[in-house]
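What follows is one structure encoded as structure tokens, with my remarks underneath.
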Amino acid sequence: QVQLVESGGRLVQAGGSLRLSCAASGGTFSLYAVGWFRQAPGKERELVATITWSGGTTYSDSVKGRFSISRDHALNTVSLQMNNLKVEDTAVYYCTADPSFNAVVAGTGVYWGQGTQVTVSS
């Protein structure tokens, strides 16, 4: 099985940048699809970005052009580079992984990180 550990969340000013990392151990992580979700208090969990084992990416409309997801197979890590941050980006961010891309998109992936808090101040 795969264990995911997230890091990088912190308080940041609006307009600033932040990079989140998801480090994996165990399993065959390099063959899994990976996604980043976020959830703010009182709001539904939102899919932010995905990346396939081959490097194909998708983004939600709310972050397109500002966020970039990437993976380093050698290091077993997936990163989310967040630029031009907005107050509405404030949320707990989670990474998830699953052999099935559809499961990642649906939020039913088998593996999840613990979440990391991103707070954007005005």
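Val87 belongs to no hydrophobic cluster, as no Ile, Leu, Val, Met, Phe, Trp or Tyr side chain comes under 4.5 Å of its own. In this structure, Leu75 stands alone, with no Ile, Leu, Val, Met, Phe, Trp or Tyr side-chain heavy atom under 4.5 Å from its own, directly or through other members.
Both Val78 and Val63 sit in one connected hydrophobic cluster of ILVMFWY residues. Membership requires side-chain heavy atoms under 4.5 Å apart, directly or through other members.
With sequence neighbours excluded, the residues forming a side-chain contact (heavy atoms from CB on, under 4.5 Å) with Ala103 are Asp98, Ser100, Thr108, listed by chain and number. Taking the side-chain contact (heavy atoms from CB on, under 4.5 Å) definition, one finds that Ser70 meets it with Ser79, sequence neighbours left out. Residues forming a side-chain contact (heavy atoms from CB on, under 4.5 Å) with Val105 (at least two apart in sequence, or on another chain): Leu47, Thr50, Phe101. Every side-chain contact (heavy atoms from CB on, under 4.5 Å) that Gln3 has, sequence neighbours left out, goes to Ser25. Lys64 meets the salt bridge (Lys or Arg N to Asp or Glu O under 4.0 Å) test with Asp61; sequence neighbours excluded. For Ser54, the side-chain hydrogen bond (donor to acceptor under 3.5 Å, both in side chains) criterion is met by Thr52, not counting sequence neighbours.
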Show the atom names and distances, to 0.1 Å, of all donor-acceptor pairs under 3.5 Å that link a side chain in residues 31-40 to residues at least two apart or in another chain.
from, atom 1, to, atom 2, distance (Å)
Arg38, NE, Glu46, OE1, 2.9
Arg38, NH1, Asp89, OD1, 2.8
Arg38, NH1, Tyr93, OH, 2.9
Arg38, NH2, Glu46, OE1, 3.3
Arg38, NH2, Ser62, OG, 3.3
Gln39, NE2, Lys43, O, 3.3

Only pairs under 3.5 Å count here: list side-chain donor-acceptor contacts from residues 8-22, not counting sequence neighbours, and write none if there are none.
from, atom 1, to, atom 2, distance (Å)
Ser17, OG, Asn83, OD1, 2.9
Arg19, NH1, Gln81, OE1, 3.4

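Gln114 places a side-chain N or O within 3.5 Å of a backbone atom of Glu6 that can act as its donor or acceptor partner. Using modelled atom types, no side-chain atom of Thr77 and backbone atom of Ala23 make a donor-acceptor pair closer than 3.5 Å.
Counting only residues at least two apart or in different chains, salt bridge (Lys or Arg N to Asp or Glu O under 4.0 Å) contacts with residues 71-86 are absent.
Residues Val118 and Met82 come closest through the heavy atom pair CG2-CE, 4.0 Å. For the residue pair Trp112 and Thr96, the shortest heavy atom distance occurs at CE2-OG1, 3.3 Å. The shortest non-hydrogen separation linking Val2 to Ala24 is CG1-CB, 4.0 Å.
Residues Val92 and Tyr94 meet the side-chain proximity criterion, which asks for heavy atoms closer than 4.5 Å.
Atoms SG and CD1, on Cys95 and Ile51 in that order, are 12.5 Å from each other to the nearest 0.5 Å.
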